[in-house]
Each structure stands twice: as structure tokens, then as C-alpha cells.
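Please find one structure pasted underneath; my questions will follow.
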Amino acid sequence: MTSQAAVEQTAPILLIEDEPSVIAFLKAALERKGYSVVNASSGAEGLKHLAEGRYSGVISDIRMPGAVNGAEVHAWIQKNRPELGSKIILISGDTANSETQALLARSGTPCIEKPFRVHQLMSIVEKTFGKP
Amino acid sequence: MELAVDAAQSRQLPEFLERFAGRAARMLNAAWGGVAVFRGRETDLYAAGEEEKAISSTLRSWILSSARENRVATGVRRLPPTDEAAQKTSQAALSAVFVPISASDGERLGILCLLTRRKRLDAKEKKLLHALASHAALSLENLRRFSQLEKSKRQWVEDIDAISDYIVVHDRAWKILRTNRSLASHLGVPPVALVGEAMSGLRQIAETGSDLPCPFCRDTQRPREEYVAASAERIFLVSTSRAPGVVEDDTRTIHVLKDITDRREAERRYRELFDSIQEGLFFATPDGRFLDVNDAMVRMLGYASREEMLRADVSPHLYPAPAARERFLQALAERGVLRNYEETLRRKDGALLHTLQNITAVRDAQGRIAQIRGLMLDVTEQKSFQSQLQRERDFNQKILNTTQSMILVLDTAGLISYANRRCYEAGYREDELIGHRLVDWVEPSHRKDFEAALETTANGQQVENLELQVRRSDGSMGHFSISLSPMRDEQSAVNNVVVVMTDITDAVLLQAKLSHSERMATIGRLVSGVAHEVNNPLAAILGFTDLLLENPEVPLSAREDLKIILQETQRTKDIVQDLLSFARQRPVQREPVQVNAVLRQTIKLRSYDFASHGVEVSEEFDEMLAPALGDAQQLQQVFLNILNNAYDAVQEAGRRGRITIRTERGGNSVQVMVTDNGTGIADPQHIFDPFYTTKQPGKGTGLGLSICYGIVRAHGGEIQCWNNADSGGSTFVVRIPIAAELPALAAKEAGR
């Protein structure tokens, strides 16, 4: 059971992002700080991972190609994984989109704007997911 | 009184006078007797038998001249002594006895002269001579009357015979009493040959168609008759009079036959013309009754027959407006003749008939109109065609007058011959257009284009939407769209050019503004997309540079290079941020903003720089300025940008800088005007385009004014700039709509 709990504690962060260079950087930065990371390259793939596995938090880009974007991932989690509802960090290329702004204002979900410094990222991650 | 009877019976004057002279001579036992009778100025001398010749011509002349003496009394005279013949003959011892013969009214008719041997007359003889003279006078008078009667009777017959009309007189027994020569010669016989013949024999001349034996009698009870009798060839007007005869019960009937064949023919022709002519002809009384009308007139006015028109008093129906008839009568009374008089009449069926009339008034002795004669044309068709034409003309005129385009007609030489009302409304004067060359109004550098277009049109081709600068009436230049169309004459040769000109200056400006804002919007979308795409790699670059710098294994030299990468990445990030804020157009907070206060705050931000670099800033604020509606922070960003721009411009100009900021109300906007004496703007048209900058590389992203533009547009306002004409430098103007003037809001905002 303890091993189970350890697994529980060390459950990976799900990273949903379509841009390979950004995935590489985020993965490097997070793993260097001791987090384990599983990545999905689209919203749909992210939801599949969420349905099948257990994660300690989710970092998702807002604007992604394909049927499911960051806002929809956020909505899915609120509905199907309420325990992860406060464990979401959104990444935005542009917060100008009024829909995005409305979402952020309503849920209080933290958002980080590209491009960002490593320390900016880590302070939000630690605040939201806790230290690894 | 043998003499008197003889005188009465005698018809022959000379014979009677000779016989009278002879008897008188015998009664007084005279040697010679003669009677001198006055016939006008002449005097005739009558003597009995051979005795007349028994006197000498000298004696004869003496007797005649003595007879002419004014006063000749009855008495004895001596014969003139010089009469040789008398001396030679037995007459030598004779004396003359003269007895005047005077008519009952005292007029001297002649003289009785006797040659006798007596020297004097006794009273008995004188009495006898007077008696003889008065018998002679009576007889002479009677004779004269008889001969006059004879003469006039002969004359009468001649006169009757001279009449070309046929005259015949018959008795109750239908026997001809007399005819004149015309009638007899018509039958080829002398007039006497017809006397006593039966009237029925004259049937061949003509007959009235009665059953009476006389072909010219109709009603024998009437004293006078008049009717027309005709034969196959001729037509006669027979005038008949019946007069009682000398013998009782013998009424004589006189027929006068007038050949009216020619007159009838003329009448018939006239009637035929009257009835067959296509123009309406009429005779009418001044009170409006028709006396005669022709068929065309009946047809024109829609009546069934001439009789119907003549029977009824149609004039009240004829004139739709009674005043029109009064006007007509008045005009006719004044002028007597009306030519081409236009009148609208009403047909029997009520339809209106437009007529053209030529009218003559026939006046009576007192000058009053007795009859109206006229000729009438139906011009309804022409009239309706004309009115349709007029309507079309009016319609076209209306189009020409109400169109917002200026329409001009030029001759092929380019001279203006017509300009529609719009031209004059636009301020051009007639005397500077008509007869002048249109090309003179075209801006000189565009004249070639216009001349070429005119030539093309003169050659029959249309030129459309030629855009030229044309001088307006106030002297300013306007941007005009001009179309030229050829106008052709009947031979289809181009004789005029129709020019349609529209001032599209405003439209062109609007188009320019539209295309500018469109361009800005496109740039906005493009920038937004680029920013997104750039942010991803930028995030990786920045992130990995951070990670490398955190890596203790990285050598110090590499670390310095990494810091430069970091720095440049940061700069790139700023550019992208600016791009995004231009493209983003954040929703504007709509609150009343005290623009003066915002400006003062903004100036304060830069006051240190201004003061330290000797830039003089003067505020010309309208302290009563109404609050604008907008976002104070965004507006501050705009003003700051403009101030920075001005500061940079005056710094660069290298003279004592001066920046004037003025606020005022302009229409429904708050207007902020920032004027500097700097270097001016190289290309004011493009200063709001993103990345347009005149600054040194690294001094600005070239997005500042683009962002200002975006903000001002989002406020529903305007931003413009231009180079100052006189003092150098440039001016920026920002206009922001005024907030609804609510005192409470204004007060609240005043505290900011």
C-alpha cells in the first residue's frame, strides 16, 4: 500500500502541448526540478491520458490544433476529474481572446503567457501542484 | 270746234299743224299761214300745202326769230323792208300777224303766223285768233301726251323684250296674251306668233308638275306664287302674279321665269364642298345656336345628324367652362377675326375635343355681331401628342434639375452650350460656363487627359469615369468623376458631347480612410497570427537559455553569450507584446474622461526630460472642456506616445524645442492638438502603419503610433497628423467623442 501511496504521490504531471520545442523545454525544466512528466501533443490525446491514468496536475496550452483546445480540457476536468479542478495551469500564446479571458476570470485558473522565464514557470507550478 | 275734234283725232303732229295753219289762213283770208313750234332749242315751222314754199328763206328766218322773241303779243307787224322777194312779188303789200300759242300752265309752245294785206285787226278778229290759238295749244298738248304715251309704250315693250328672263301673260282660258322676245326666241318664233296659243304649248320649256293646263301655274287662287320649275336641262325660278283684267272676270296671270340653273349649280357645288370638306364649318348666331354646320362638324362633335345639331341649343353643352365661351365672345367682339384660336369643346358623349378655330364675325349695320362663321380643326390627337411630348420634356427637365451630378452639353469644339441646375447650385455662374471651354476648369496637368477624352467622344465613343481634378466655383480643386457621351444629329454625326460630372472628393477621402482602416485591420490580424507563432519558439529559446544559465556545467564565457541571447529574446518578446497590444484592441472602458487632467498627468510623466533638455511645453487648455467618453489609461498611452514622438522630433531638429498642446471642443468631439517645431514627418500618410519609424534602430519598435491609431479608433475617434505649413514641425490631432453631459459624472471624474 505504501508503494501504492508512493506512486500516488509521485503521479506525473500531464503536459498537453502541440509545439515540440516547448514540450522539450517544459519537460526539461520540470524534470530538472524533480517532477515526472507525461506529455500529450493534442487536446484529444490529453483527454485520453486523463481517462486512463492518474496525474498530479495538468499543464495545457490553450490554443491547439484539432478538435479539443485548452478550454475544453479545462471543462472536461471540471466535470470528470473534479479532484484535479484546482490542479490546472494554462499556457497562453495570447490572452487577447475574449473567450479565454472569460474562462480565466470565471475559474481563477492560473495562466502563464508565452514566452516566460523558468522562474516564473516554477513559482506557478509549485504554487499550484506543490513541490515534488 | 271742228279744229278741236280734228286735233284730238289727229295723231300726226306735222299733218295736224299744216292743216291747222291752212285753216287759220283761210278763216282770216290770209295770203299765208304757218305755225312755229318749239322743240327744245329748235323751232320748227309748219305751213299749209305749197304755201310753205311760197315764202322766201329770208322771210322764213325772220318769222322763226320773231317767234323766239320773249314777248310776242297778238298783233300785226310790218315785214322787214329788205325782203327783195317780197317786193318783187305780190307779197310786198303784206303784213305779219303773230298769235302766241301757250299751254295751260303758261308755257309758250309756239306761235301762229299769218301773212295778210290788212294793217290792223279788229276786236272780233283778235278774239277769233285767240280762240284759234288756245285750240291749237290744247291740241298741241294732247298731241305731245299722245306721242309720249306712244313712245313709252313702245319703250316698255322693248324693255320687256330686253329682259333675259322669260315672261308670259295668259288669261283665264289658258291662252297666251303676250310673251317677251326671250321666251319667243327660245321657241324660235316671233312673239306675235304665240299670242292666242294655249299655255300647254310652253310645257316644253319647263313645268312645275301641276295638273293645270298652264305648266307654270300651281294655285290659281293666290295672287302671287314663287316656285321652282325644271326641265331636263334647266331650272327656273317661276314668279307668278295674278292681276284682274280690263274686262270683268278676266284675270290675267303673269309668269316670270328666271333661269337659275347656273346659280343652282354653284349652290350645289358649294354645298358639296361644304359637306365634303374635312374641316368643320359652321354658321352660328352670337347666342350660340347653329344656323348651318357641315358633316365634318357633326362628326367632330359626335352628333347623329346635322338636323340634331341645328335643332338643339348645344352651346351650353359645348363649352365645359361657361367662362371659356364668354372669353371667346369677348375676343371676337374686340378683334372681329380670330385666327388659330384654341378651344377645348365637349362632344355630345362628353369627351373633350381640342380644336383650332378660325372665326369671322359678321356685323350688322349697328356694328353688333349678327353671325359667327368659322372653320374648326380637330387637334385632339396632336394636342395629346403634344402634351405627352410636353410631359416627357418636363420629366426629362426634372431629372436634369434634380440629379446630384452636374450635366453639361459641349459642342464639338468643347464650348459649353448647356448646364443643368446642379451646376448653378454648385456655385458656378452662367456667364462663366455658357460659351466657355470646359477644359479651362480642369486642373492644368489633367487637361491633356480631358482633351483626349473629348476627342474620343467626338469620334463617337463613350468615355466613362474619367477621374480628374477640376476647379470648383470657389476656386478650390475637387476630385471629379467625369463621363462623356456623344450626342448625334439626324445624320448620326456627333454634334454635341454630354458631360456628366460628379464631385467625388468626399467619396475619395472616405475611400482612402476606409482602405486605411482596412489595411490596419488586415495588419492587425496578420500581426496577431505572427505573434502567436513567434511566441512558441520564443518560449523555447527563452526557456532553454534560462535552463542553460542555471546549469553550473556551462562555462563562464558561454554564460556571457547566453545572457546576450536572453537579452535579445526579451527584446523580441517586447516587440511581440507591442504587436499584440496593437492587434488586440482591448475593449475600451467607457467612462467620462477629463481629457485636460489626463494630459496634465501625461505631461508630468515627461516633465523631467522636457525641462532638462530645454523643451518648452505650453498648455492651451479649454477649461470648460466637456468630458470625453473613453478609457483614461488607454488615452494616456495615446497622449504619451504623441508627446514622446514630439519630444524625439524637437530633439532631432537641434533647435529650442517647443511643444504646444491645445484642447478645445470640435463639434461632438473633444479635440487635442499637439504641435511641435521639430523635424516634421517624412510621410504623414504612413505614420500610423505598423513598423513605420523614422527613429534610429533600437529606439522604437515602430508600433507606438499604430497602437495609438488602434486605441483612438476603438474610441470611435480620429487621429490625424500633418506637417505644419509655416513654422516647420508637425501637428497631431486626436478627436474623442464627448460623453453625455451629465454633471454628476463630470464632477466624479474631476477628482481623478
Subject >> Pairs of heavy atoms under 4.5 Å with chain A: top-ranked of B:T545, B:L549, B:L542 >> reply: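 Ranked by heavy-atom pairs under 4.5 Å with chain A, first place is B:L542.
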Original post:
When you look at A:V118 and B:E550, which way does the side chain to side chain contact (heavy atoms under 4.5 Å, CB included) test go after all the steps?
Top reply: CA-CA 9 Å; A:V118 171; B:E550 283 174 11; 3.5 Å; yes
Original post:
Should A:R32 and B:L547 count as side-chain neighbours, where that means a heavy-atom distance under 4.5 Å?
Top reply: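 The answer is yes; the side chains approach within 4.5 Å.
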Original post:
If every non-hydrogen atom of B:N535 is compared with every non-hydrogen atom of A:P115, which pair is closest and at what distance?
Top reply: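 Minimum heavy-atom contact is OD1-CD, 3.4 Å.
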**OP:** Kindly compute the distance separating CZ (A:F25) from CD1 (B:I541), expressed to the nearest 0.5 Å.
**Re:**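 That separation rounds to 11.5 Å.
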**OP:** Side-chain contact test, heavy atoms from C-beta onward, threshold under 4.5 Å: evaluate it for A:R117 versus B:Q570 and give yes or no.
**Re:**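 A:R117 reaches B:Q570 side chain to side chain.
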Original post:
CG of B:N536 to CG of A:D18: how many Å apart, nearest 0.5 Å?
Top reply: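 Rounded to the nearest 0.5 Å, the CG-CG separation comes to 6.5 Å.
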Original post:
Once you round to the nearest 0.5 Å, how far does CD of A:E113 lie from NZ of B:K573?
Top reply: 8.5 Å
**OP:** Could you tell me which non-hydrogen atom of B:A539 sits nearest to which non-hydrogen atom of A:V22, and how far apart they are?
**Re:**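 Of all heavy-atom pairs spanning B:A539 and A:V22, the closest is CB-CG2, 4.5 Å.
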Subject >> Over all atoms of both residues, closest heavy-atom pair of A:S21 and B:F544 >> reply: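 Distance-wise, the nearest heavy atoms are O-CE1, 3.6 Å.
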Original post:
Between B:L566 and chain A, which part of the residue has a heavy atom less than 4.5 Å away: side chain, backbone, both or neither?
Top reply: side chain
